[in-house]
Protein chains: 4
Amino acid sequence: MSDAGHNSSDERLRLFIERIERFEEDKAIIAEDIKDVYVEVKAMGYDAKIVRQLVRLRKLAEHDRKEQQALLETYASAIGLDLI
Amino acid sequence: MSDAGHNSSDERLRLFIERIERFEEDKAIIAEDIKDVYVEVKAMGYDAKIVRQLVRLRKLAEHDRKEQQALLETYASAIGLDLI
Amino acid sequence: MSDAGHNSSDERLRLFIERIERFEEDKAIIAEDIKDVYVEVKAMGYDAKIVRQLVRLRKLAEHDRKEQQALLETYASAIGLDLI
Amino acid sequence: MSDAGHNSSDERLRLFIERIERFEEDKAIIAEDIKDVYVEVKAMGYDAKIVRQLVRLRKLAEHDRKEQQALLETYASAIGLDLI
DNA sequence: CTGCCATTTTACCGGC
DNA sequence: GCCGGTAAAATGGCAG
């Protein structure tokens with residue numbers, strides 16, 4: 001590259017990669033935090049496996065709720081009803 | 001449970017689950033951020049697939065370095081040498 | 001199912017499952033073999049943990065080599081070069 | 001090492017590692033075979049996920065059966081009954 | 001929409 | 001005998 005030092009292509013690419021890597025580190029840290037919570041959960045005598053299932057079920061329920069909401073809005077829109 | 005509302009078992013469990021859920025939301029947000037970076041990457045004309053592979057390779061290299069370090073420490077420990 | 005015994009659907013499924021189970025038995029036997037080698041390793045005075053780490057490191061190196069090869073091929077493909 | 005070429009320590013270690021690696025390759029091949037069967041399973045219109053569960057359940061059942069058998073033999077032995 | 005990759009979950013193995 | 005960590009399996013998600 002000729003315009004040396006002025007955000008050359010390679011430099012930009014490197015910056016992108018480093019941004020991604022920083023985000024992934026953050027993600028890994030949070031994953032650690034979650035693991036720590038499960039350690040606590042276990043230490044309190046709960047069965048971590050069951051708690052995991054609870055979390056998953058709640059997520060599913062949330063998802064379903066949103067689906068339901070979307071469906072409702074679709075219907076509402078279809079009959080010209082403005083929910084907002 | 002008699003002492004209703006005062007950190008009863010169910011309450012504690014609920015708090016654990018909510019903590020986990022908040023962390024998972026954070027994680028999801030970061031995952032979104034990463035996706036966004038890839039959108040930028042693509043918009044700058046880079047091949048996202050290649051960038052992903054680069055990121056993965058760098059991660060592998062890091063991982064290998066750690067494994068080698070671990071092996072070294074195992075060796076050290078095996079011969080009774082305290083590295084710290 | 002009416003045409004009993006003539007490769008009915010259930011029969012085919014059963015055959016699939018049995019094939020899988022036979023493969024898994026084979027796999028379990030090999031896992032045993034590996035364990036036996038580690039017993040020997042230990043009996044010869046080696047530290048099994050170190051040997052395990054060595055095996056893992058060599059595998060990682062192999063894996064990295066393949067990833068690099070894949071990246072190379074992606075590059076080649078990106079510039080319209082057909083390596084094959 | 002002085003007694004060069006006569007199964008020196010390093011040589012023996014290398015042989016152990018190579019034996020392990022060969023076994024692990026074999027294991028990997030079988031794992032591939034199993035994956036292939038699941039591809040077939042899917043191609044025949046079965047739900048691979050369900051089939052996996054069936055395989056797992058059968059394994060559990062087998063395991064339980066053996067436990068039961070062991071228990072029976074323990075009881076038999078306890079009352080001086082020779083099952084064989 | 002299919003296949004692949006990352007994450008998650010389960011099973012295993014060794015150490016205490 | 002359990003518990004901790006490590007490897008394998010499985011599921012889910014995302015890119016092509």
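In what follows, chains are A, B, ... by sequence order, proteins preceding strands, each numbered from 1.
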Subject >> Check: C:Glu73 main-chain N/O paired with C:Ser77 side-chain donor or acceptor under 3.5 Å >> reply: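 Looks like no, no N/O pair under 3.5 Å.
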
**OP:** Pick out which of C:Arg65, C:Arg58, C:Lys59 makes a side-chain hydrogen bond (donor to acceptor under 3.5 Å, both in side chains) with C:Glu62.
**Re:**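 For C:Glu62, the side-chain hydrogen bond (donor to acceptor under 3.5 Å, both in side chains) test succeeds with only one of C:Arg65, C:Arg58, C:Lys59, which is C:Arg65.
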
Would you mind reading off the distance between [X] atom [atom1] and [N] atom [atom2], rounded to a whole angstrom?
X	N	atom1	atom2	answer
A:Ile30	E:dA6	CD1	P	19 Å
C:Lys59	F:dT6	NZ	P	15 Å
A:Glu21	E:dA6	CD	C1'	16 Å
C:Glu73	E:dC4	CD	C1'	16 Å
C:Gln53	F:dG5	CD	P	15 Å
B:Ile20	E:dT9	CD1	P	11 Å
C:Leu54	F:dA7	CG	P	13 Å
D:Glu25	F:dA8	CD	P	14 Å

Original post:
Would you say B:Val39 and B:Val55 are hydrophobically clustered, going by side-chain heavy atoms of ILVMFWY under 4.5 Å?
Top reply: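 Different clusters: B:Val39 never reaches B:Val55 through Ile, Leu, Val, Met, Phe, Trp or Tyr contacts under 4.5 Å.
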
**OP:** Determine, using the 4.5 Å side-chain heavy-atom cutoff (strictly less than), whether C:Ile29 and C:Ile20 are members of one ILVMFWY cluster.
**Re:**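 In one cluster with C:Ile29: C:Ile20, no.
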
Subject >> Along DNA chain F (nearest heavy atom to each residue), the more 5'-positioned of D:Arg56 and B:Glu67 >> reply: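 Its nearest nucleotide being more 5', the pick is B:Glu67.
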
**OP:** Kindly state each residue pair satisfying side-chain hydrogen bond (donor to acceptor under 3.5 Å, both in side chains) with at least one member in residues 22-32 of chain A, sequence neighbours excluded.
**Re:**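 Counting only pairs at least two positions apart or across chains, the side-chain hydrogen bond (donor to acceptor under 3.5 Å, both in side chains) contacts touching residues 22-32 of chain A are A:Glu32-A:Lys35.
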
Could you list, one pair per line, each protein nitrogen or oxygen that sits under 3.5 Å from a nitrogen or oxygen of nucleotides 13-16 of chain E, together with the distance?
| from | atom 1 | to | atom 2 | distance (Å) |
| --- | --- | --- | --- | --- |
| E:dG14 | OP1 | C:Arg52 | NH2 | 3.1 |

Subject >> Gap between atom CD of D:Glu40 and atom CG of C:Leu15 - 0.5 Å precision >> reply: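 One finds 11.0 Å between CG of C:Leu15 and CD of D:Glu40.
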
**OP:** Examine E:dT8: is either OP1 or OP2 under 4.0 Å from a nitrogen or oxygen in the side chain of B:Lys27? Give yes or no.
**Re:**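 Answer yes for this pair, as a side-chain N or O of B:Lys27 is under 4.0 Å from OP1 or OP2.
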
